[in-house]
**Student:** 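Before we start, here is the structure in question, set down as structure tokens.
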Amino acid sequence: HGLSVAARERSEHIRAEVDRRATQLLDELRAAPQNPIIPAQLAAAQQVMDALFDDGSGDLLARRLRNAQAAGQSGGVYGLKS
């Protein structure tokens, strides 16, 4: 019982940290859409999420990456130009 609580708390900490860093990387990708390293880092984060969590959070991160890349290609947030 005690070990499972500690493991759950640690996994939630990892989830929050990966999400925080992924959000930061997505912001950086929007600022520098041609940077090839950022999508690679996000793909690695997706693999971590897929390995640790069976709730679709890795798929969500991949979707966020695709949306950020599409916004960068079209010149604005959500494809809208200002």
Side-chain angles (χ1 to χ4, degrees):
H1 176 291
L3 182 60
S4 66
V5 170
R8 191 171 27 253
E9 288 174 355
R10 177 56 57 195
S11 68
E12 288 306 314
H13 174 76
I14 291 169
R15 178 193 306 270
E17 186 64 19
V18 169
D19 186 58
R20 182 187 71 77
R21 291 181 185 204
T23 298
Q24 188 175 26
L25 284 169
L26 288 164
D27 289 342
E28 291 176 20
L29 182 62
R30 288 181 188 100
Q34 302 305 318
N35 186 333
I37 295 171
I38 297 170
Q41 290 176 333
L42 287 165
Q46 178 190 357
Q47 291 177 347
V48 168
M49 297 297 271
D50 285 339
L52 295 178
F53 306 105
D54 189 24
D55 62 358
S57 55
D59 292 335
L60 177 61
L61 182 54
R63 198 166 35 251
R64 291 173 66 195
L65 171 58
R66 285 191 305 272
N67 290 342
Q69 288 173 319
Q73 291 173 355
S74 63
V77 177
Y78 305 113
L80 302 175
K81 296 182 181 181
S82 52

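Values below: all heavy atoms of this structure, side chains included; hydrogens, waters and symmetry mates excluded. These figures come from a predicted structure and were not determined experimentally.
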**Student:** What's the separation between atom NE2 in His13 and atom CD in Glu9, rounded to the nearest 0.5 Å?
**Tutor:** 11.5 Å
**Student:** Check this for me: Asp54, atom CG, are more than 12 non-hydrogen atoms of other residues, nucleotides or ligands nearer than 6.0 Å?
**Tutor:** no
**Student:** Should we count CZ of Arg10 as having more than 12 external heavy atoms under 6.0 Å?
**Tutor:**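 12 or below, so no.
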**Student:** Supply the atom-to-atom distance Arg66 CZ to Arg63 CZ, rounded to the nearest 0.5 angstrom.
**Tutor:**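 Those atoms lie 6.5 Å apart.
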**Student:** Over all heavy atoms of both residues, which pair between Leu26 and Leu65 is shortest? Give the atoms and the distance, please.
**Tutor:** CD2-CA, 3.8 Å
**Student:** Check Arg8 with Glu12, please: is the shortest side-chain N to carboxylate O separation under 4.0 Å?
**Tutor:**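 No, this pair does not count.
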**Student:** I need the minimum non-hydrogen distance between Leu29 and Ala68, along with the two atoms involved.
**Tutor:** CD2-CB, 4.0 Å
**Student:** Check the surroundings of atom CD1 in Ile37: do more than 12 heavy atoms from other residues, nucleotides or ligands lie under 6.0 Å from it?
**Tutor:** no
**Student:** What pairs of residues pass the side-chain hydrogen bond (donor to acceptor under 3.5 Å, both in side chains) test when at least one of them lies in residues 32-43, not counting sequence neighbours?
**Tutor:** none
**Student:** Does Arg15 reach the side chain of Asp55, with side-chain heavy atoms less than 4.5 Å apart?
**Tutor:**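 Heavy-atom side-chain distance check passes, below 4.5 Å.
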**Student:** Which heavy atom of Gln46 sits nearest a heavy atom of Leu61, and at what distance?
**Tutor:**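 Closest pair (atom of Gln46, atom of Leu61, distance): N-CD2, 3.6 Å.
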**Student:** Measuring from Leu25:CG to Arg64:CZ, what's the distance to the nearest 0.5 Å?
**Tutor:** 10.0 Å
**Student:** Quick check: closest heavy atoms across Ala45 and Val18, and the distance to 0.1 Å?
**Tutor:**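 The answer is CB-CG1, 4.1 Å.
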